[in-house]
Amino acid sequence: MLLILTLIIFGLLVFGFLITKTTKEVPKSWFEWKTEFKYQYLGMVGLIHDWQYTSRDRVTLYKQPDRIAVITGGNRGIGLRIVEKLLACDMTVVMGVRDPAGAKTAVGDIVDLTQTKGKLICEQLDVGDLKSVRTFAQRIAAKYPKIDVLLNNAGIMFAPFKLTADNYESHFAINYLGHFLLTHLLLPQLRAAGRDGKNARIVNVSSCVNLIGSINYKDINGLKNYYPGAAYSQSKLAQILFTRHLQSLLDAEKSHVQVIAVHPGIVDTELFEHSATTSVPFLKKILFKTPERGAHTVVYAAIEPSIEGQGGIYLSNCGRGPFHASAKSPVKCERLFDFSCDLLKIKEYGNGK
């Protein structure tokens, strides 16, 4: 009887592992197996955290018709619900998306754009293409001398290996480097919007997997040993390191701009399209957050008055969350920042050029 019970438990564990892998393939090396085991552990911890802090995971919307928010992505999943909530605050929301017409239709499916007092503007942007980022930023800066909120939201997860047109690995380029450049280009407008008691805000949508990330400076594209989960966690750790160092620079110059990193939770979205969880969609519906709830912490970071002046923090379920030990080291944060500036040939970060 004990043997049968043991076999059943073992079978369930194996089944659980197979249906929750970050890829549909079986790991081929010890490095890949370790990465998967780490994801399994973080996934369980993350689900427990999402359940444990359900009552705290709330955001209060309030009217602020004079404010302008720029968001990358936003035409699906969490981003779509973020846009919905910002429009409910009567804000002007500028979406940077690959398909502006499609994005407007997607928003129009959940928001009556003829009735809302918020204003929606959709502009073309491929955040994984540095030329597109520069073109978008120039267009936005010309239209809006002040930007109150920048939400670096667009991203990919667990995608097969691909280099962008600029020869950067796609997770690193889309999740991190494109947003690093966009923030640099729009920082003058953010500084202009911030004032005493009402900071402009930059929100970097990261993930709890920053905890298992590492920055491979010798092979940032992962050419020698690519694995989707490792590439994703590297990009999410990069966002945290960037958040922390940029805040230190803004504090030193006494700018009224604060930077916040956010883990939205484990959310049932199309981002999981490359993972094994697509084989059991009903489990995601049961266990994962809805996109509606996944938007809460991101919007909280963007508008919540109680965190005014608290830059450089990492939020999860509308409260402080644990982040990678490297992000607590100013030296390590500065190293990635300088590395990124060198890649993009930026001599003076935040001058908009």
Side-chain angles (χ1 to χ4, degrees), residues 22 31-32 34-43 45-46 49 72 127-128 151-159 161 164 168-183 202-249 259-267 271 275 297-298 301 311-316 320-344 349:
T22 63
F31 168 72
E32 294 180 1
K34 283 196 301 181
T35 301
E36 289 297 336
F37 288 139
K38 289 177 181 178
Y39 266 94
Q40 296 284 324
Y41 171 74
L42 269 183
V45 172
H49 193 275
T72 62
V127 77
L151 299 109
N152 292 321
N153 164 75
I156 60 171
M157 184 169 72
F158 309 150
F161 179 79
T164 64
Y168 294 112
E169 187 276 321
S170 58
H171 290 87
F172 184 74
I174 296 170
N175 296 350
Y176 170 66
L177 197 61
H179 288 125
F180 181 91
L181 176 60
L182 181 62
T183 303
I202 301 166
V203 181
N204 292 321
V205 181
S206 185
S207 166
C208 64
V209 302
N210 80 85
L211 289 164
I212 59 171
S214 61
I215 309 298
N216 187 355
Y217 289 102
K218 293 182 179 179
D219 183 18
I220 201 68
N221 287 333
L223 296 176
K224 294 181 181 178
N225 195 21
Y226 181 78
Y227 196 62
Y232 180 66
S233 60
Q234 174 180 252
S235 70
K236 293 303 174 180
L237 172 58
Q239 289 178 307
I240 307 290
L241 297 171
F242 168 47
T243 296
R244 301 277 288 174
H245 187 68
L246 179 56
Q247 189 63 62
S248 70
L249 296 180
V259 196
I260 299 171
V262 170
H263 168 52
I266 300 178
V267 187
L271 278 180
S275 78
T297 306
V298 184
I313 61 175
Y314 171 77
L315 298 177
S316 175
R320 300 291 186 99
F323 54 86
H324 200 289
S326 293
K328 299 173 184 177
S329 165
V331 172
K332 292 181 179 179
C333 293
E334 185 176 15
R335 182 186 181 189
L336 176 70
F337 190 89
D338 290 345
F339 177 80
S340 304
C341 285
D342 289 343
L343 289 179
L344 298 173
Y349 193 85

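Worth knowing before you read on, the calculation uses all heavy atoms, side chains too, and leaves out hydrogens, waters and symmetry mates.
In terms of heavy-atom proximity, Thr35 sits nearest to Gly229 at CG2-C, 4.2 Å. Summarising the geometry of Ile240 relative to Ala261, their closest heavy-atom pair is CD1-CB, 3.6 Å, with the distance given to 0.1 Å. Heavy-atom minimum distance, Ile266 versus Gly43: CD1-O, 3.4 Å. In terms of heavy atoms, Ala301 sits closest to Leu315 at CB-CD1, 4.0 Å. In terms of heavy-atom proximity, Lys328 sits nearest to Pro330 at O-CD, 3.4 Å. Closest non-hydrogen pair, Val127 versus Ala154, comes out as CG1-CB, 4.1 Å.
Between Tyr232 and Tyr39, the gap from one ring centroid to the other reaches at least 6.0 Å.
In this structure, Leu343 and Phe180 have side chains that are not in contact, with every pair of non-hydrogen atoms separated by 4.5 Å or more. Side-chain contact between Tyr176 and Asn152: absent, with no pair of heavy atoms (C-beta onward) separated by less than 4.5 Å. By the 4.5 Å heavy-atom criterion applied to side chains, Val259 and Phe242 are not counted as neighbours. At least one side-chain heavy atom of Val209 sits under 4.5 Å from a side-chain heavy atom of Ser207. Taking 4.5 Å as the limit, some side-chain heavy atom of Gln234 sits within range of a side-chain heavy atom of Asn216. When side chains are defined from C-beta on, Phe323 does not count as touching Ser316, because their heavy atoms never get closer than 4.5 Å. Put simply, the side chain of Ile212 does not reach to within 4.5 Å of the side chain of Tyr41, judged on heavy atoms. By the 4.5 Å heavy-atom criterion applied to side chains, Phe339 and Ile220 are counted as neighbours.
The closest donor-acceptor contact from the side chain of His263 to the backbone of Tyr314 lies at 3.5 Å or more, if one exists at all. Remark: the backbone N or O of Asn175 is paired with a side-chain donor or acceptor of Gln239 at under 3.5 angstrom. Looking at Asn221, its side chain never comes within 3.5 Å of a backbone N or O of Tyr168 through a donor-acceptor pair. Between the side chain of Glu32 and the backbone N or O of Tyr227 there is no donor-acceptor pair closer than 3.5 Å. Of the possible polar contacts, one joining the His171 side chain to the Phe158 backbone as a donor-acceptor pair under 3.5 Å is found. A donor-acceptor contact shorter than 3.5 Å is absent between the side chain of Asn210 and the backbone of Lys236.
Here Asp338 contributes atom CG and Cys333 contributes atom SG; the two are 11.5 Å apart, rounded to the nearest 0.5 Å. Taken to the nearest 0.5 Å, the OG atom of Ser235 stands 10.5 Å off from the CE atom of Met157. The OG atom of Ser233 sits 10.0 Å away from atom CG of Leu211, with the distance rounded to the nearest 0.5 Å. Separating the CZ atom in Phe337 from the CG atom in Asp342 is a distance of 11.0 Å, to the nearest 0.5 Å. Going from atom CZ of Arg244 over to atom CG of Leu249 covers 13.0 Å, rounded to the nearest 0.5 Å. Interatomic distance, Arg335 CZ to Leu241 CG, rounded to the nearest 0.5 Å: 11.0 Å.
Screening Asn204, Asn153, Thr72 for a side chain to side chain donor-acceptor pair (under 3.5 Å) involving His179 leaves a single residue, Thr72. Tested against Val262, the residues Leu151, Thr243, Thr297 include a single side chain to side chain contact (heavy atoms under 4.5 Å, CB included) partner, Thr297.
For Phe161, the CZ atom counts as densely surrounded, since its 6.0 Å shell holds more than 12 non-hydrogen atoms of other residues, nucleotides or ligands.
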